[in-house]
Trainee: 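Structure provided below as structure tokens; questions to follow.
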Amino acid sequence: MVEIASFRIERVEILRADGTLAAPLPAWAEDPSELVRLYRAMVLTRLYDTKAVNLQRTGRLGTVASSLGQEAVAVGTAAAMRPEDVFLPSFREQGAMLWRGVRIEELLTFWGGDERGSNWSGPREDFPICVPVGTHAPHAAGVATAFKLRREPRVAVCVVGDGATSKGDVYEAWNLAGVWRLPMVTVVANNQWAISVPRSAQTAATTLAQKAIACGMPGIQVDGNDVIAVREVVSRAIERARSGEGPAIVEATTYRLSDHTTADDARRYRDDAEVSARWKEEPIARLRAFLVGRGAWDKDREEKLLAECTREVDRAVEAYLARTPPPASEMIDHVFAVLPRAMAGQRAAILRRAAERAEARAENGSGRP
Amino acid sequence: MSALTLVEAVRTALARAMEEDPTVLVLGEDVGKDGGVFRATEGLFERFGPERVLDTPLSEALFTGLAVGLGAQGFRPVVEFQFDGFMYPALDQLVNHAGRLRARTRGRLGCPIVLRAPYGGGIRAPEHHSESPEAFFAHVPGVRTVIPSSPAKAYGLLLAAIRDPDPVVFLEPKRIYRAFREEVADDGTALPLDRAFLLREGRDLTLVAWGAMIPLCLKAAERLAEEGVSAELVDVATLKPLDTGTILDSVAKTGRCVIVHEAPPSYGPGAEIAALLASEGLFSLLAPVARVTGFDVPTPLPKLEDVFLPALADVLAACRAALVHR
């Protein structure tokens, strides 16, 4: 017998759950202001998520997926990107979307049931949220192919969950990325649970990162609750891809402290004890502990930041709630670049039905959209 | 002008589109050196190189999604599926992404992609190689479904499909890929999408068909003419969005309609056209609307294929039955 292939998967941990260092800081992280930016982004994300869940509970927002506990994956990933890179999120990467310039009001508009929220003013080439699991991985390969064909030093960065690694679409995209050496980095946000199905029931593979090996690209695991490690490892993968050395997969291990969405009740399938234990590993507290230890953070600054982020979220919520509902023509006017003649009748019918609905609402006096 | 077969017309249109627009790419399985299993992309790899003609791994869902990503970035990918029966993995990408990317981003990201495939029966092909899946695609919002019926139509409609800013499923009737030649001027002139073509004028009856059923219906019309019946023939060409005006105008004139397609009848395109006539053309009808179609069975292997596929006798019988009503 001859060994023709073998592999090992590395795991990177820098900041321990207690805020002490497990490994030396990367050079960029020696600058406390860099770390405070990451900290602020995670805090803002958590406040947004908390507010979004509250809005849903009080009937002012649709079903929404919180990223509680996973903020470091999204924020660290986005911080590793350049503005001209293209981001292709799953549906729990609000931390990354906010970092890249999508506004809170726009996120709320989308989750509030209005597609205009995905026509954001910020990163115009970024893809919208992808609800069908993993089907955006081929899009990332397409975006990366566009960059490669145009010889642009840009990278397509895609986030999928642990469940998505069971899907053909994801593997097919990785396989192509390997063959064509595409500038595509996939971050697998392994939050241990695909709704009620645990990671152990998703695959018999020891890591999700090792799925890269079969596609001829590097796979690495990182502590996904350590925003420093996430940014560092994803950044290395992105810069490697940018320099033409091909794709990579980063498995960021984290934990979904929230329900899957507001329509889910995680107590049906996992123990409170498990969740409580995982709270000790969450990403914000450990970075705060580290910053405090370094003398770069204190109670005053914390209070000031919380007040500032709360104001930012509250202002966005006000703007969202004040937004008038989309005109009914919105649903048909963007289906094609130019409305086909054959659909003119349907457009008229939509407007007619909308007017009838409005009339009925006026009659029963609710006045609510 | 040169006399081209349908598959040659496809190749000529692809070359023309690639020549005039550097963002047009051809991708799929075996489209490179091999030139595609039906040779539709023959010579393109040599002429435009490996960055314009891309052989992908064997994965239909992937290359459809790949096209979505490329399209959002401003490329115009033309994807070749090897056979109709291998298109189903693309449905997820088509329904969940291609057909709605523009709408769900309110125009921020577009999807100018073309999915080409040889389709339909009649060439005694193996299993999964003779399907007529047009109804699946025609049901998807935001997607055009276009089927040419001749070399000139293939050339003009494919150019239009590639230049269109939205996704188009372009189904090429493989039975007539090389069945006849037609003069095609390679001058870059596209034919209009969303328009049916009146191929033959008549007074007594309207035949509505597309793809490989068009030559069959032309034959039927000629035979009927010998019997003193004047049949009009509408080539639907774009199944969705459907040019309802041309069909309704024709039936308003003739009062009788026979729809011919290979696909199974239930919920097929013929049902849509019959519903159109029932709701908007009922009072001009002199006879029940007839459909000549395949059956609600898996497309049979070659031994029984001729029973499944509509033939001249079936079309004539349906026409004669319609003509009984005076």
Side-chain angles (χ1 to χ4, degrees), chain A residues 86 88 110 114-121 124-132 135-150 152 154 156 158 167-169 171-176 178-180 184 326 330-343 345-346, chain B residues 22-23 25 27 51-52 54-75 77 89 92-93 95-113 141-144 164-167 193-195 238 240-245 280:
Chain A
V86 165
L88 299 100
F110 172 77
D114 180 349
E115 288 87 345
R116 291 179 299 176
S118 294
N119 186 14
W120 50 66
S121 50
R124 296 289 290 172
E125 292 176 59
D126 281 9
F127 267 57
I129 279 164
C130 182
V131 173
T135 53
H136 59 310
H139 308 161
V143 170
T145 303
F147 295 159
K148 192 179 170 84
L149 291 175
R150 291 196 295 248
E152 294 172 343
R154 303 167 72 188
C158 175
K167 287 202 66 169
D169 305 70
Y171 173 75
E172 290 172 33
W174 286 348
N175 182 55
L176 178 84
V179 180
W180 287 2
M184 169 178 165
E330 276 274 325
M331 78 168 80
I332 194 166
D333 284 347
H334 301 278
V335 176
F336 291 98
V338 177
L339 187 74
R341 278 192 313 173
M343 290 175 73
Q346 289 191 40
Chain B
T23 67
L25 308 174
L27 51 103
E51 295 201 344
R52 302 284 304 280
L54 301 104
D55 272 326
T56 65
L58 209 165
S59 165
E60 289 83 3
L62 165 73
F63 58 62
T64 309
L66 185 75
V68 172
L70 282 162
Q73 275 292 314
F75 280 94
D92 186 10
Q93 285 293 334
V95 176
N96 280 326
H97 296 295
R100 65 210 296 164
L101 188 59
R102 179 183 297 284
R104 64 194 292 264
T105 60
R106 291 299 186 249
R108 184 168 63 81
L109 298 175
C111 193
I113 72 174
V143 174
R144 284 189 162 78
D164 191 81
D166 294 306
L193 298 177
D194 306 356
R195 287 269 289 278
T238 300
K240 166 100 168 291
L242 185 65
D243 176 0
T244 54
E280 294 181 45

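Order of the sequence lines fixes the chain letters, A, B, ..., with proteins taken first and strands second; residue numbering starts at 1 for each chain. Everything numeric in this text was worked out from a predicted model, so none of it was measured.
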Trainee: Check each atom of B:T56 against the heavy atoms of chain A and say whether the ones under 4.5 Å are side chain, backbone, both or neither.
Mentor: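 The answer is both parts of B:T56.
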Trainee: Pick from A:T145, A:T135, A:V86: which one has the most heavy-atom pairs with chain B under 4.5 Å?
Mentor: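 Of A:T145, A:T135, A:V86, A:T135 has the most heavy-atom pairs under 4.5 Å with chain B.
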Trainee: Is there a side-chain contact between B:H97 and A:C130, using heavy atoms and a 4.5 Å cut-off?
Mentor: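 The answer is yes; the side chains approach within 4.5 Å.
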Trainee: Hey, would you say the A:H139 and A:F127 ring centroids sit under 6.0 Å apart?
Mentor: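 Here the rings of A:F127 and A:H139 have centres that are less than 6.0 Å from each other.
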Trainee: Cation-pi check for A:F336 against B:R144: NZ or CZ below 6.0 Å from the six-membered ring centre and within 45 degrees of the axis, yes or no?
Mentor: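 Yes, cation above the ring, under 6.0 Å and within 45°.
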Trainee: Need one label for B:L242: side chain, backbone, both or neither, based on atoms under 4.5 Å from any heavy atom in chain A.
Mentor: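 Only the backbone of B:L242 comes within 4.5 Å of chain A.
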Trainee: Less than 4.5 Å to any heavy atom of chain A: does that hold for the side chain of B:D164, its backbone, both, or neither?
Mentor: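 Looking at B:D164, nothing touches chain A.
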Trainee: Tell me, for B:D194 versus chain A, whether the close heavy atoms (under 4.5 Å) come from the side chain, the backbone, both or neither.
Mentor: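 Both backbone and side chain.
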Trainee: Among A:L88, A:I332, A:V143, which residue has the highest count of heavy-atom pairs closer than 4.5 Å to chain B?
Mentor: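 The option with the most such pairs is A:V143.
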Trainee: Heavy-atom cut-off 4.5 Å, strictly under: side chain, backbone, both or neither for A:W120 against chain B?
Mentor: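 When you check distances to chain B, atoms from both the backbone and side chain of A:W120 fall under 4.5 Å.
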Trainee: Any side-chain heavy-atom pair from B:L62 and B:P89 closer than 4.5 angstrom?
Mentor: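 Result no, sub-4.5 Å side-chain heavy-atom pair not found.
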Trainee: Within the side chain of B:R108, is there an N or O that forms a donor-acceptor pair under 3.5 Å with the backbone of A:D126?
Mentor: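 At least one qualifying donor-acceptor pair exists.
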Trainee: Could you check which of A:A342, A:A141, A:G117, A:A337 has the highest count of heavy-atom pairs closer than 4.5 Å to chain B?
Mentor: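 Most heavy-atom pairs within the cutoff with chain B belong to A:A337.
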Trainee: Do A:E115 and B:R100 sit within salt-bridge range, that is, some charged N less than 4.0 Å from a carboxylate O?
Mentor: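 No salt bridge links A:E115 with B:R100.
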Trainee: With a 4.5 angstrom heavy-atom cut-off, which part of B:T244 approaches chain A: side chain, backbone, both or neither?
Mentor: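 Neither part.
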Trainee: If you count the non-hydrogen atoms of other residues, nucleotides and ligands that lie under 6.0 Å from CZ in B:R195, is the total more than 12?
Mentor: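 For B:R195, atom CZ is not crowded (no more than 12 foreign heavy atoms under 6.0 Å).
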Trainee: Does any heavy atom of chain A fall under 4.5 Å from the side chain of B:Q93, the backbone, both, or neither of them?
Mentor: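 For B:Q93, side-chain heavy atoms alone lie under 4.5 Å from chain A.
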Trainee: Would you mind telling me which of A:M331, A:M343, A:E330 has the largest number of heavy-atom pairs within less than 4.5 Å of chain B?
Mentor: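 Ranked by contacts with chain B, first place is A:E330.
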Trainee: Is B:L193 close to chain A through its backbone or its side chain, or both, or neither, when contacts mean heavy atoms under 4.5 Å?
Mentor: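 Neither part.
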Trainee: Counting heavy-atom pairs under 4.5 Å to chain A, which of B:L70, B:L25, B:L54 comes out on top?
Mentor: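 The answer is B:L70.
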